Amino acid sequence: MATAYQPDPRPSGGPVRHSAPPPDGWGVDVLKSHRCGELRSRHAGERVRLAGWVHRRRDHGGLVFLDLRDESGLVQIVCHPESAPEAHAVASTVRAEWVVAVEGEVQARREGTVNEALPTGSVEVAASEVRVLAEAATPPIAVNQEAAAEEATRLRYRYLDLRRERMAQNLRMRHRVVQGIRRYLEERGFVEVETPMLSAATPEGARDYLVPSRIHPGRFYALPQSPQQWKQLLVVAGFERYYQIARCFRDEDLRADRQPEFTQLDVEMAFVERDDVLDLVEGLYAHLAREVNPERRLQAPFPRIPYAEAMERFGSDKPDLRYGMEIADLSRPALSGELGIFRQAVADGGRGRGFAVPGGADTARRELDRLTGLAREAGAGGLVPVAYGGSGPLEGLAPEEVRSPVARFFEPEVLAEMGRLCGARRGDLLLAVAAPDDVSSRALDVLRREVASTRALADEDELAFCFVTDFPLFEWDAREERWQASHHLFTAPVEEDVPLLESQPGAVRSLAYDLVCNGQELASGSIRAHRPEVLLAVMGILGIDEAQARERFGHMLDAFGYGAPPHGGIAPGLDRTVALFARERDIREVIAFPKTKTASDPLTGAPSSVDPAQLAEVHIDVRP
RNA sequence: GGCCCCGUAGUGUAGCGGUUUAACACGCCACCCUGUCACGGUGGAGAUCGUCGGUUCGAAUCCGAUCGGGGUCGCCA
């Protein structure tokens with residue numbers, strides 16, 4: 001498929017709208033007495049001055065209609081050849097996207113000519129004067145319709161793309177979300193503090209964007225991947241409730257939900273425990289959803305699901321809770337059959353696990369093959385489908401009522417028991433795999449999401465938030481054969497697991513948590529290890545001895561030595577949050593000037609080559 | 001970095017070895033049109049098919065390289 005601009009999936013909302021229309025005269029100045037979109041029947045008889053872009057022209061030879069568009073919306077201008085010949089003559093020459101000023105009288109439209117689809121549709125402005133303020137070349141992408149356009153074209157002419165209703169609405173949505181965040185946090189005593197963009201490179205985590213130093217030959221600043229250390233230092237400095245809407249940079253490959261620069265709502269709080277942070281974020285998102293997405297359903301309080309439970313029930317640490325299909329352990333009934341794969345899996349420390357697809361019994365063979373392929377790609381040896389015929393509960397299942405390639409290995413009652421464990425009824429389809437837990441989780445997660453997607457089980461009008469908690473503190477990096485911090489290295493372990501630090505690092509739970517909505521991770525955070533001895537113990541597991549710790553994190557350890565309050569925080573991704581509320585699946589649709597897949601900007605040409613003299617100043621030789 | 005998809009008038013697509021003078025829609029230009037609102041009607045202009053190279057009697061069409069855009073795995077919280 002071409003990489004085309006997808007049609008806007010949302011119901012068409014007419015012209016650009018504001019949550020609260022501004023009062024009359026908001027935009028009063030020399031050129032404009034009113035804004036196009038605010039004119040209503042009550043303005044009939046008023047003389048107005050308007051200015052904006054020609055959205056569309058309808059030339060009847062005699063009469064000419066202009067749809068005039070400004071930030072507030074559209075209004076129809078009518079130009080009569082008899083009563084205003086000069087205005088009519090100018091109107092006959094204007095083209096789409098020309099900028100014009102109009103003076104005229106607001107008139108109620110006569111009966112039968114009212115346009116119900118337009119907020120201003122009950123009136124029109126009879127022009128006495130039309131002035132051209134700027135002509136416009138024919139735009140390479142149509143501003144007045146939601147037509148497809150190549151991503152590169154959209155970005156090269158982003159200023160035109162942003163004139164279109166969808167993008168204009170998305171950026172206004174972003175503004176409203178940001179304002180909502182600021183108001184919410186302001187009411188709760190948070191202080192917004194800026195932190196440096198030029199800081200020190202860190203070997204951990206993502207690749208840094210580097211900035212060469214002119215004053216220090218051979219040295220580099222790094223753009224922040226996040227203000228992590230700064231925010232903790234601010235808390236140590238006595239700012240008990242800090243936040244920042246911070247730009248972050250990561251030099252990694254791009255995705256629909258990843259840009260090289262992106263925005264985080266960075267939050268840190270002193271004297272808090274995990275639930276204080278979660279309560280705050282829950283309140284914030286419930287507040288934002290009510291404000292910008294009042295039409296969508298939301299369940300509060302948000303479920304708080306430990307990581308282990310999320311993996312067990314959904315095979316994922318970012319479960320989509322909008323549909324059921326929870327995973328069940330099928331090992332016990334599976335072992336009573338003759339099928340070798342289940343016995344083998346259990347003998348190897350794995351299990352038989354599966355879930356039921358409601359109404360899936362009629363799934364075609366071809367589709368089952370495709371799902372099997374997906375399970376294999378995820379590492380499973382195969383997929384065991386069981387289709388239960390008829391309707392009603394799974395009692396008294398006859399052999400001919402079960403359709404499965406493995407039916408002959410099991411008594412019908414055993415297959416029924418497997419179905420019951422997944423909550424299946426007749427008419428449903430059981431999908432099961434036999435594998436180690438990490439493999440079955442991965443495979444069943446893929447299948448769950450695939451089935452939900454093909455069967456359209458996820459309700460787009462629902463916002464199913466949840467928190468996932470108690471992540472493992474470490475994860476094993478098989479390639480480098482060492483433990484890595486699964487969140488980041490300042491994350492505190494769960495207190496009761498501290499004794500396990502030495503003996504079983506993999507079993508230590510952390511006070512890290514994620515905010516998840518509709519299967520997407522929106523935020524990540526943790527309570528921090530603020531006691532130097534715990535921090536050093538954690539670093540020890542990560543292979544950082546005290547000397548190295550002093551070398552690299554001495555400033556943090558020093559700071560924590562001068563009276564660090566217990567603290568923690570979270571960092572929601574703003575771009576993802578806005579995309580969620582704007583019902584967009586690509587964060588590029590909610591960023592004014594995003595980068596392409598190859599991290600370049602077709603509008604400005606960045607990244608560009610620079611003058612050799614400029615390079616010499618920062619002591620850089622570029623290899624040919 | 002690996003794999004996959006796409007690149008044809010301004011825009012989006014069709015054409016996928018030879019009756020193609022490269023088609024269609026929107027847009028654009030001209031003329032007509034006094035109640036339209038995705039106005040309507042008639043006519044017209046506009047493309048060496050991303051670029052370079054190869055195969056072939058013949059290439060938009062097949063092959064290779066390259067550039068650009070997108071997806072995905074790795075990477076990334």
Side-chain angles (χ1 to χ4, degrees), chain A residues 1-7 12 14-15 55-68 74-83 88 92 95-97 107 109-118 120-121 124 126 137-157 160-161 204-208 225-226 228 248-260 262 264 317-318 377-378 468 471 475 479 484-488 491 512-516 520-526 570-573 576 585-586 588 595-598 600 602:
Chain A
M1 280 298 286
T3 56
Y5 180 92
Q6 295 299 310
S12 169
H55 192 67
R56 225 175 232 117
R57 179 180 58 121
R58 289 178 295 281
D59 186 342
H60 286 240
L63 272 185
V64 172
F65 296 101
L66 301 179
D67 286 341
L68 190 65
L74 292 181
V75 71
Q76 174 164 282
I77 312 295
V78 58
C79 303
H80 292 276
E82 297 87 4
S83 51
H88 177 265
S92 299
R95 294 293 184 267
E97 300 309 311
Q107 300 178 337
R109 294 209 200 174
R110 48 170 105 139
E111 210 164 321
T113 65
V114 169
N115 185 348
E116 302 287 352
L118 223 51
T120 61
E124 63 193 359
T138 301
I141 51 181
V143 173
N144 58 19
Q145 54 183 319
E146 293 291 320
E150 194 100 11
E151 189 70 20
T153 312
R154 293 181 61 198
L155 293 185
R156 176 160 173 218
Y157 301 99
L160 296 178
D161 195 31
E204 257 85 28
R207 200 175 292 121
D208 287 314
Q225 296 179 22
S226 80
Q228 184 57 41
C248 307
F249 303 85
R250 292 181 187 156
D251 187 4
E252 297 291 349
D253 283 356
L254 279 64
R255 287 286 191 283
D257 60 355
R258 276 171 14 203
Q259 282 274 310
F262 61 99
Q264 274 186 354
D317 62 0
K318 42 184 181 199
E377 272 172 49
V468 177
F471 279 82
E475 51 194 41
R479 209 177 35 184
Q484 295 236 340
S486 41
H487 181 60
H488 59 67
T491 301
Y513 33 79
D514 281 359
L515 173 66
V516 171
Q520 221 209 344
E521 180 194 318
L522 288 182
S524 228
S526 65
I570 193 162
R576 290 181 187 184
R585 72 179 36 189
D586 194 323
R588 275 181 296 224
K595 304 273 189 293
T596 67
K597 175 86 196 303
T598 52
S600 55

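Every chain is numbered from 1, with letters handed out A, B, ... down the list of sequences. Only a predicted model underlies this, so the values are computations on that prediction, with no experimental measurement involved.
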- Message: Output the rounded distance in Å from NZ (A:Lys595) to C1' (B:G70).
- Response: 18 Å
- Query: What does A:Thr138 touch in the nucleic acid at a heavy-atom separation under 4.0 angstrom: a base, only the sugar-phosphate, or nothing?
  - Reply: sugar-phosphate
- A:Asp514 side chain vs A:Val516 backbone, donor-acceptor pair below 3.5 Å: no
- Among the nucleotides B:G68, B:G71, B:C76, which one has an atom lying closest to any side-chain atom of A:Lys597? B:G71
- What does B:C62 pair with, Watson-Crick or G-U, if both distances are under 3.5 Å? B:G54
- Message: Tell me whether A:Lys595 at atom NZ has more than 12 heavy atoms from other residues, nucleotides or ligands lying less than 6.0 Å away.
- Response: yes
- Opposite nucleotide pairing with B:C3, Watson-Crick or G-U, both atom distances under 3.5 Å: B:G71
- Query: Among B:C76, B:C37, B:G12, which nucleotide sits nearest the side chain of A:Ala206?
  - Reply: B:C76
- B:C57 to B:C62 separation - C1' atoms, rounded to the nearest Å: 16 Å
- Message: With a 4.0 Å limit, can you tell me whether A:Arg56 has a side-chain N or O closer than that to the phosphate oxygens OP1/OP2 of B:A38?
- Response: no
- Message: Just the rounded figure in Å: distance from P of B:G10 to CG of A:Asn144.
- Response: 19 Å
- Could you tell me whether A:Glu116 contacts a base, only the sugar-phosphate backbone, or nothing, with contacts defined as non-hydrogen atoms closer than 4.0 Å? nothing
- Query: Watson-Crick or G-U wobble partner for B:G27, using a 3.5 Å limit on both distances?
  - Reply: none
- Message: I'd like to know if the side chain of A:Tyr513 reaches the main chain of A:Ser526, judged simply by a donor and an acceptor atom lying under 3.5 Å from each other, with no hydrogens or angles considered.
- Response: yes
- Message: If we ignore hydrogens and angles and just use 3.5 Å, is the side chain of A:Arg258 paired with the main-chain N or O of A:Asp253 as donor and acceptor?
- Response: yes
- Whole-Å distance between B:G27 P and A:Ile141 CD1? 16 Å
- Message: Taking any heavy-atom pair under 4.0 Å as a contact, classify A:Arg250: base, sugar-phosphate, or nothing.
- Response: sugar-phosphate
- Message: Please classify the nucleic acid contact of A:Pro602 as base, sugar-phosphate, or nothing, using heavy-atom distances under 4.0 Å.
- Response: nothing
- Note on the structure: Which of B:G74, B:U36, B:A77 is nearest the side chain of A:Arg258? It is B:G74
- Item | Distance between C1' atoms of B:C29 and B:A65 (Å, rounded) | 41 Å
- Item | Below 4.0 Å: OP1/OP2 of B:G68 and any side-chain N or O of A:Thr596 | no
- Side chain of A:Thr153 only, please: which of B:A77, B:C26, B:G12 is the nearest? B:G12
- Touch class at under 4.0 angstrom, heavy-atom based, for A:Gly112 against every strand present: nothing
- Message: In whole Å, measure the gap between the C1' atoms of B:G15 and B:U20 for me.
- Response: 9 Å
- For B:C63 and B:U56, measure between their P atoms and round to the nearest Å. 16 Å
- Message: Under 4.0 Å, counting only non-hydrogen atoms across every strand here, what does A:Gln76 touch: a base, just sugar-phosphate, or nothing?
- Response: base
- Query: Between A:Arg109 and A:His487, which is nearer to the 5' end of RNA chain B once each is assigned its nearest nucleotide?
  - Reply: A:Arg109
- Judged by atom type as modelled, is there a donor-acceptor pair below 3.5 Å linking the side chain of A:His88 to the main-chain atoms of A:Gly62? yes
- Query: Under 4.0 angstrom, heavy atoms only, what part of the nucleic acid is A:Ser226 near: base, sugar-phosphate, or nothing?
  - Reply: nothing
- Item | Aro-ring/base stack A:His60-B:C39, d under 5.5 Å, angle under 30° | yes
- Identify, between A:Asp59 and A:Leu155, the residue whose nearest nucleotide on RNA chain B lies closer to the 5' end. A:Asp59
- Message: What's the gap between B:A23 and B:A9 when it is taken at their C1' atoms, as a whole Å value?
- Response: 12 Å
- Query: Does A:Ser486 reach the main-chain N or O of A:Glu475 with its side chain, forming a donor-acceptor pair under 3.5 Å?
  - Reply: no
- Would you indicate which nucleotide in B:G35, B:A77, B:C39 comes nearest to any side-chain atom of A:Arg58? B:C39
- Message: Output the rounded distance in Å from CZ (A:Phe65) to C1' (B:A38).
- Response: 15 Å
- Query: Can you find a donor-acceptor pair, distance only, under 3.5 Å between A:Arg95 side chain and B:C29 base?
  - Reply: no
- Between B:C37 (C1') and A:Leu66 (CG): distance, integer Å: 12 Å
- Rounded to the Å, how far apart are A:Glu97 CD and B:G27 P? 14 Å
- Query: What about A:Glu111: does its side chain form a donor-acceptor pair under 3.5 Å with the base of B:G35?
  - Reply: no
- Length of the line joining A:Gln145:CD and B:U11:P, which is rounded to integer Å: 14 Å
- Task: Check whether any side-chain N or O of A:Arg109 sits under 3.5 Å from a backbone N or O of A:Gly121 as a donor-acceptor pair, and report yes or no.
- Result: yes
- Separation between the P atoms of B:A38 and B:G27, rounded to whole Å: 12 Å
- Query: From B:C37, B:C26, B:G71, pick the nucleotide closest to the side chain of A:Thr113?
  - Reply: B:C37
- Message: Whether A:Arg588 contacts B:G69 is assessed here as follows: a side-chain N or O lying under 4.0 Å from the phosphate OP1 or OP2. Is that the case?
- Response: no
- Task: Please report, rounded to the nearest Å, how far the C1' atom of B:A77 is from the CZ atom of A:Arg576.
- Result: 7 Å
- N/O donor-acceptor pair under 3.5 Å between A:Arg250 side chain and A:Gln225 backbone: yes
- Task: Ignoring backbone atoms, establish whether A:Thr598 has a side-chain N or O less than 4.0 Å from OP1 or OP2 of B:C67.
- Result: no
- Task: May I ask you to check whether over 12 heavy atoms, not counting those of A:Arg56, lie within 6.0 Å of atom CZ?
- Result: yes
- Item | Span that lies between the C1' atom of B:A47 and that of B:U13, in whole angstrom | 14 Å
- Item | Shortest side-chain distance from A:Glu151, nucleotide among B:G70, B:C37, B:C75 | B:G70
- Distance, C1' atom - from B:C4 to B:G46, rounded to whole angstrom: 35 Å
